[in-house]
Amino acid sequence: MQSLNFDELAEAIYDELATILPPLANNPDVFGFAIFVPEDAGAVCFNYTYGNESKMTARAGTMDALDQRYSPIEWIPTLPAFKNSNRVLKSLVEQFKQISQDLSGNKLYKVHGEFITGCARATLLAMKRHKEEGTFGTIWYRVLAMTDDEDPILVEAFKTLNDGRARKEAAILYK
């Protein structure tokens, strides 16, 4: 969205990840990390989850094992930890409501989609910076999560944040 600035959101997420990631990044049992991105302008909350090797119970080589490892919804849920990011998001939602109050139909749908993409892109940028800085440590699978698993930003995030094993094994889920 042209009139909303998501830079403050990206910075807030980046700052909070600097606190969240270190204990996870140094735990050899943690292999995956995902941030659930709000998919509705009324959902004012970021959340994260992480995957543990010790929780993988499905037989290796099966679709169940692929799903269990690479679907963040299967991992350990966390309580919202992005206090400042959620405050910034709430402010953006209020701005979005002002911008969209007179819109309807396809125009509203389009602008709402741009808002969600802006939130997701801010999250991706924060995660990308941490990947480049090595903050993820031994966490080798990093993604954004949404219930709309066909959103193009998810593929972009997967390709931006992953390489090696994650890229090879999970590529089938991100086409």
Side-chain angles (χ1 to χ4, degrees), residues 1 4-39 43-56 65-89 92 113-175:
M1 295 184 74
L4 291 180
N5 184 339
F6 292 92
D7 293 344
E8 184 182 359
L9 181 60
E11 282 302 312
I13 294 168
Y14 174 83
D15 290 345
E16 288 178 297
L17 282 174
T19 302
I20 292 167
L21 287 173
L24 299 173
N26 294 319
N27 181 342
D29 192 43
V30 177
F31 69 86
F33 184 86
I35 296 179
F36 287 94
V37 179
E39 297 178 66
V44 188
C45 184
F46 284 96
N47 204 353
Y48 76 92
T49 187
Y50 55 94
N52 288 73
E53 290 290 347
S54 61
K55 304 290 184 196
M56 298 294 104
L66 186 70
D67 188 50
Q68 190 179 52
R69 180 171 299 280
Y70 294 111
S71 297
I73 198 74
E74 302 285 336
W75 298 348
I76 298 167
T78 61
L79 296 174
F82 294 96
K83 190 173 187 176
N84 189 45
S85 301
N86 288 335
R87 182 193 55 74
V88 174
L89 176 61
L92 285 169
E114 291 170 358
F115 176 82
I116 299 305
T117 298
C119 291
R121 186 158 311 286
T123 308
L124 171 56
L125 292 173
M127 290 178 74
K128 181 180 180 215
R129 282 177 60 195
H130 278 289
K131 178 189 178 216
E132 291 167 350
E133 294 168 5
T135 318
F136 279 99
T138 59
I139 300 170
W140 51 267
Y141 179 58
R142 303 159 293 262
V143 291
L144 301 181
M146 302 170 94
T147 54
D148 178 5
D149 62 1
E150 295 181 8
D151 193 301
I153 192 77
L154 299 180
V155 174
E156 180 183 346
F158 171 74
K159 290 178 178 178
T160 300
L161 298 172
N162 293 283
D163 44 39
R165 178 179 176 185
R167 228 16 190 330
K168 180 181 176 187
E169 292 180 5
I172 191 169
L173 303 173
Y174 294 92
K175 291 184 176 190

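None of these values were measured; they are calculated from a predicted model.
In the displayed structure, Lys131 atom NZ is contacted under 6.0 Å by more than 12 heavy atoms of other residues, nucleotides or ligands. Dense packing is recorded around CD of Glu74, with more than 12 heavy atoms of other residues, nucleotides or ligands lying under 6.0 Å away.
Rounding to the nearest 0.5 Å places CG of Leu9 at 13.0 Å from CZ of Arg121. A distance of 7.0 Å separates OG1 of Thr138 from CG of Asn27, quoted to the nearest 0.5 Å. To the nearest 0.5 Å, the span separating CD1 on Ile139 from CG on Asn162 amounts to 11.5 Å. Separating the CG atom in Leu21 from the CD atom in Glu16 is a distance of 11.5 Å, to the nearest 0.5 Å. A distance of 5.0 Å separates CE in Met127 from CD1 in Ile35, rounded to the nearest 0.5 Å. With rounding to the nearest 0.5 angstrom, the SG atom of Cys119 is 8.0 Å from the CD1 atom of Ile13.
Between Lys128 and Leu161, some side-chain heavy-atom pair lies under the 4.5 Å cut-off. By the 4.5 Å heavy-atom criterion applied to side chains, Val143 and Tyr174 are counted as neighbours. Within the 4.5 Å cutoff, no side-chain heavy atoms of Arg69 are placed close to those of Lys55. Side chains of Glu39 and Asp151 form no contact here, defined as non-hydrogen atoms less than 4.5 Å apart. Between Leu66 and Ile172, some side-chain heavy-atom pair lies under the 4.5 Å cut-off.
Listed here is the closest heavy atom pair of Val37 and Ile116: CG1-O, 4.5 Å. Residues Phe115 and Leu92 approach most closely at CE1-O, 3.8 Å, considering heavy atoms. Nearest approach of Thr135 to Ala25, heavy atoms of both residues: O-CB, 3.2 Å. Contact detail for Thr49 and Pro72: the closest heavy-atom pair is CG2-O, 3.6 Å. Here the shortest heavy-atom pairing between Pro38 and Cys45 reads CG-O, 3.3 Å. The minimum heavy-atom distance between Leu24 and Val30, with the atom names listed, is O-CB, 3.8 Å.
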Go through it in stages, so that I can follow the logic: the residues are Leu17 and Arg129, the test is side-chain contact (heavy atoms from CB on, under 4.5 Å), and I'd like the CA-CA distance, side-chain angles, deciding distance and then a yes or no.
CA-CA 10 Å; Leu17 282 174; Arg129 282 177 60 195; over 6 Å; no

Apply the test side-chain contact (heavy atoms from CB on, under 4.5 Å) to residues Asp15 and Asn84: give CA-CA distance (whole Å), side-chain angles for both, the deciding distance (0.1 Å), then the verdict.
CA-CA 9 Å; Asp15 290 345; Asn84 189 45; 5.8 Å; no

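Panel note: side chain Asn47, backbone Thr78; a donor-acceptor pair is recorded below 3.5 Å. A donor-acceptor pair is defined here as one N or O able to donate and one able to accept, closer than 3.5 Å; no such pair exists between the side chain of Trp75 and the backbone of Tyr70. With Asn52 contributing its side chain and Ser54 its backbone, the two residues share no donor-acceptor pair below 3.5 Å.
Under the 30°/60° scheme for interplanar angles, the aromatic rings of Tyr48 and Phe82 are found to stand perpendicular. In this structure, Tyr141 and Phe31 have parallel ring planes: the angle between them is below the 30° cut-off, well short of the 60° mark. Ring pair His130/Tyr14 is parallel by interplanar angle, where below 30° counts as parallel and above 60° as perpendicular.
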